[in-house]
Protein chains: 2
Amino acid sequence: MDTAERLITSTQELLRERGYVGTSPKAIQQRAGAGQGSMYHHFTGKPDLARAAISRSAAELRALADQLLSAEGTAIDRVEAYLRRERDVLLGCPIGRLAQDPDIIASPELRAPLDETFAWLRGKLAEVLTEGELRLDPVTTAATIVAVLQGGYVLARAAESVEPFDQAVDGVLALLKGAA
Amino acid sequence: MDTAERLITSTQELLRERGYVGTSPKAIQQRAGAGQGSMYHHFTGKPDLARAAISRSAAELRALADQLLSAEGTAIDRVEAYLRRERDVLLGCPIGRLAQDPDIIASPELRAPLDETFAWLRGKLAEVLTEGELRLDPVTTAATIVAVLQGGYVLARAAESVEPFDQAVDGVLALLKGAA
DNA sequence: GTCTATAAGAAGATAGAC
DNA sequence: GTCTATCTTCTTATAGAC
């Protein structure tokens with residue numbers, strides 16, 4: 001892996017662990033094993049590097065979701081597979097956690113990948129639900145499902161335990177199966 | 001309002017707007033119209049002031065929720081009143097947004113109010129659901145409801161629009177009413 | 001109680017040598 | 001491409017006068 005690549009993956013990790021405001025260029029350089037000159041040669045500055053890292057994380061999240069939601073099985077099966085997929089719950093969502101960052105939200109360039117990722121995910125889930133022919137509005141139900149995941153991360157971090165995340169997922173799945 | 005009080009409310013505002021990592025003592029002093037000496041006279045430092053501000057915000061959130069969830073009406077009515085209460089959605093939840101802050105989660109003192117608030121809220125909702133005698137597990141359903149709110153905030157901020165929050169709330173209410 | 005002075009260290013770069 | 005030096009501003013206080 002070359003230096004630019006190591007800088008991007010280090011930034012992805014740090015953004016997830018500490019957010020944008022909490023991540024310094026110095027910390028990125030140290031984790032990537034790169035010097036200052038190196039970082040400023042490949043990227044114009046912290047926002048530029050963050051943009052690359054966030055786009056990368058967004059693409060990864062999308063690929064994973066697409067794989068599970070486009071698989072074989074009933075609509076509910078696929079939604080359940082997505083909700084129950086393995087995650088580092090206590091670390092938080094690499095994309096969702098950035099929505100709390102004031103500097104991310106203030107920058108159209110940095111916020112765009114978040115907006116696009118969640119819009120795509122809600123659309124994809126709405127599609128799956130429509131195929132399932134459930135007696136539910138696909139658009140609002142899709143928003144609910146994504147919100148349960150994002151809120152589950154929040155509750156888990158507050159409790160320093162995966163339990164509330166798992167409970168929230170169990171709860172929404174019971175509701176969905178009841179409506180099926 | 002005296003100086004200590006103004007320091008606390010200014011810190012509450014800044015924690016909600018910029019999080020703990022993104023809030024400096026200087027910014028707090030300026031918003032409160034207090035000097036450095038004044039702040040360090042009333043509080044030992046930033047963590048001490050944050051503790052006071054977070055406890056205050058937690059108590060306020062609890063009082064508001066308790067009022068709506070303990071009101072007259074069916075279980076679903078009360079849950080709906082709580083979900084649809086007026087909120088500054090785009091600002092985020094004063095408590096939930098702190099769950100993403102690495103320094104908050106790393107400090108048992110600062111994380112405790114978050115943990116206690118969400119534990120209390122889930123318990124209160126589970127109580128309401130139990131009274132409603134719905135065919136749903138009260139504990140997991142309560143976790144789902146709180147998660148929808150917290151996730152709704154995340155989606156709204158990512159989209160810079162209240163729409164996904166409202167959709168997530170509509171979706172979970174439709175599911176709850178379907179199960180009633 | 002509040003004010004001003006001082007300070008060590010981090011943040012976020014830029015400049016120029018190699 | 002990478003390294004070291006330099007720079008300004010911010011952070012998070014402490015010290016002591018008023």
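Convention: sequence-line order gives letters A, B, ...; per-chain numbering from 1. The shown structure was predicted, so the numbers you read here are calculated from the model rather than taken from an experiment. Below, each value reflects all heavy atoms present in this structure, side chains not excepted, and no hydrogens, waters or symmetry copies.
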Would one find a side-chain N or O of [X] under 4.0 angstrom from OP1 or OP2 of [N]?
X	N	result
A/Lys46	C/dG12	yes
B/Ser24	D/dC10	no
A/Ser38	D/dG1	no
B/Thr3	C/dT2	yes
A/His41	D/dC3	no

Tell me the interatomic distance from [X], atom [atom1], to [N], atom [atom2], rounded to whole angstroms.
X	N	atom1	atom2	result
A/Phe43	C/dG12	CZ	C1'	16 Å
A/Asp103	C/dA11	CG	P	14 Å
B/Met39	D/dT14	CE	P	10 Å
B/Gln30	D/dT9	CD	C1'	14 Å
B/Gln29	C/dT4	CD	P	12 Å
B/Leu14	D/dT11	CG	C1'	15 Å

Quiz item: Can you tell me how far OG1 of B/Thr141 sits from CG of B/Leu129, rounded to the nearest 0.5 angstrom?
Solution: 6.0 Å
Quiz item: For the hydrophobic clusters of this structure (ILVMFWY residues joined by side-chain heavy atoms under 4.5 Å, transitively), does one cluster hold both B/Ile76 and B/Leu125?
Solution: yes
Quiz item: Are A/Ile104 and A/Leu49 connected in a single hydrophobic cluster, I mean Ile/Leu/Val/Met/Phe/Trp/Tyr linked by side-chain heavy atoms less than 4.5 Å apart?
Solution: no
Can you tell which of [options] lies closest to the side chain of [X]?
X	options	answer
A/Lys26	C/dA11, D/dT12, C/dG12	C/dA11
A/Tyr40	D/dT2, C/dG12, D/dT12	C/dG12
B/His42	C/dA11, D/dA13, C/dT2	C/dT2
A/Gln36	C/dT2, D/dA5, D/dA13	D/dA5

Quiz item: Think A/Arg111 forms a cation-pi with A/Tyr20, using NZ or CZ under 6.0 Å from the six-ring centre and within 45 degrees of its axis?
Solution: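 Ring-cation test returns no.
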Can you give the donor-acceptor pairs under 3.5 Å from side chains of residues 60-68 of chain A to other protein atoms, not counting sequence neighbours?
{"unit_1": "A/Glu60", "atom_1": "OE1", "unit_2": "A/Gln12", "atom_2": "NE2", "d": "3.4"}
{"unit_1": "A/Asp66", "atom_1": "OD1", "unit_2": "A/Ser70", "atom_2": "OG", "d": "3.1"}
{"unit_1": "A/Asp66", "atom_1": "OD1", "unit_2": "A/Lys124", "atom_2": "NZ", "d": "3.4"}

Exercise. Give A/Gly35 one of three labels, base, sugar-phosphate or nothing, depending on what nucleic acid heavy atoms sit under 4.0 Å from its own.
Key: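 Sugar-phosphate: the residue A/Gly35, judged by heavy atoms under 4.0 Å, touches backbone atoms but no base.
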